[in-house]
Amino acid sequence: MSKPEILMPKAMRDIVLNGLEARFTLHKPYEAADGGEAISASSAGVRGLAVLGTRIDAAYLDKFPYLEIVSNFGVGYDNIDAEACGARGIMVTNTPDVLTEEVADTAIGLLIMTVRELSAAERWLRDGNWSGKGPFPLTKASLKDRTLGIVGLGRIGKAIASRAEAFGLKVHYHGRNQQAGVTYPYHATLKGLAETVDTLMLVAPGGDETRHMINAEILKALGPTGILINIGRGTVVDELALIDALSNGTIHAAGLDVFENEPHVPEALMALPNAVLLPHVGSASVSTRDAMGQLVVDNLVSWFETGKAITPVAETAAVTRRS
Ligand code: NAP
């Protein structure tokens, strides 16, 4: 029996490449001079996609008449129109859980870096200022006595919350729904949360629904001692409003791992001393990225061997294999 055909629009880690080549006929259009034409030429028999960041919308799906499954590298899948996939009976999978602890660790690291200005302090030492100008200036902010408002108390949000509690922070949260099994105070509105806490931790997914949730009004509600950390998706924050709030002292500081138009970061943001900026490294360790890559492969193998995906996204949870 011939192997199912899988197409990988962009190169991925060896663990994905080798895992897929061992089980499937793998198309790699990125190796061709013209990736677009190569996709059209190789699309006819493709039944699965292995995706890293590629925008999968209805027009893209039209290229693949026999497509059954899209296996996404990453827990966030705002690059994929999952509703359009569901409507066509196409399964979408992501890589939850295997990255939760890593991302939560990065979030706490970014929070402490931002509150205590640790990256600026290190630059101070490396630039020779410690021996030249003297000690690094005392930080205005301290982690002690802060109240953390988590926006999106899902898998990663909960892992951040338990770490934050260990640091003595009080935790509150906002989401569309109150979470079962937690005792943290729930705020039905984002503004209500921002008015109550002095530190906001964003872990909600990207997409139209959360786009620019953090705007000038929310930043004003957070206030002048406020600290904003974004480990979720860049599109959740109105970057121009944030630049304005950081420049004018509307909030105290921000720590960002994600940006609206990655990998491009506005010059105005780069120039701000009260912004700590990381290049989207939330899950970026070898072991975690390998675990994510293995799950991309395992979802495809499971789908074609058993007819079931391991980690389907909510929008396609009811999709079943046609053949
Ligand atoms: P999850 O378990 O699905 O949690 C997402 C949370 O967001 C849920 O609690 C959900 O609660 C809330 N939410 C969804 N839509 C919302 C809305 N419109 N307003 C407010 N809250 C909303 O996902 P996860 O595994 O924790 O991952 C969360 C996100 O982190 C991913 O989608 C991804 O974008 C991001 N991420 C970033 C990195 C990085 O490297 N920086 C790495 C991994 C993940 P309700 O349903 O109750 O609203």
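Order of appearance sets the numbers: ligands from 1, and atoms from 1 within every ligand.
Every protein residue with a heavy atom nearer than 4.0 Å to ligand 1 is included here: Val75, Gly76, Leu99, Val103, Gly152, Leu153, Gly154, Arg155, Ile156, Gly175, Arg176, Asn177, Gln179, Val203, Ala204, Pro205, Glu209, Thr210, Met213, Ile231, Gly232, Arg233, Asp257, Val258, His280, Gly282, Ser283.
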key: From CA spacing to verdict: salt bridge (charged side-chain N to carboxylate O under 4.0 Å, His left out), Lys140, Glu117   = CA-CA 9 Å; Lys140 286 206 181 75; Glu117 303 176 27; over 6 Å; no
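Evaluated for a side-chain contact (heavy atoms from CB on, under 4.5 Å) with Val237, the options Ile218, Asn230, Val258 yield exactly one hit, Asn230.
Side chains of Arg155 and Thr100: a donor-acceptor N/O pair is absent below 3.5 angstrom, by distance only. Using modelled atom types and a 3.5 Å distance limit, the side chains of Glu165 and Tyr184 yield a donor-acceptor pair.
In this structure, His174 and Tyr186 have parallel ring planes: the angle between them is below the 30° cut-off, well short of the 60° mark.
Using modelled atom types, no side-chain atom of Trp124 and backbone atom of Ser119 make a donor-acceptor pair closer than 3.5 Å.
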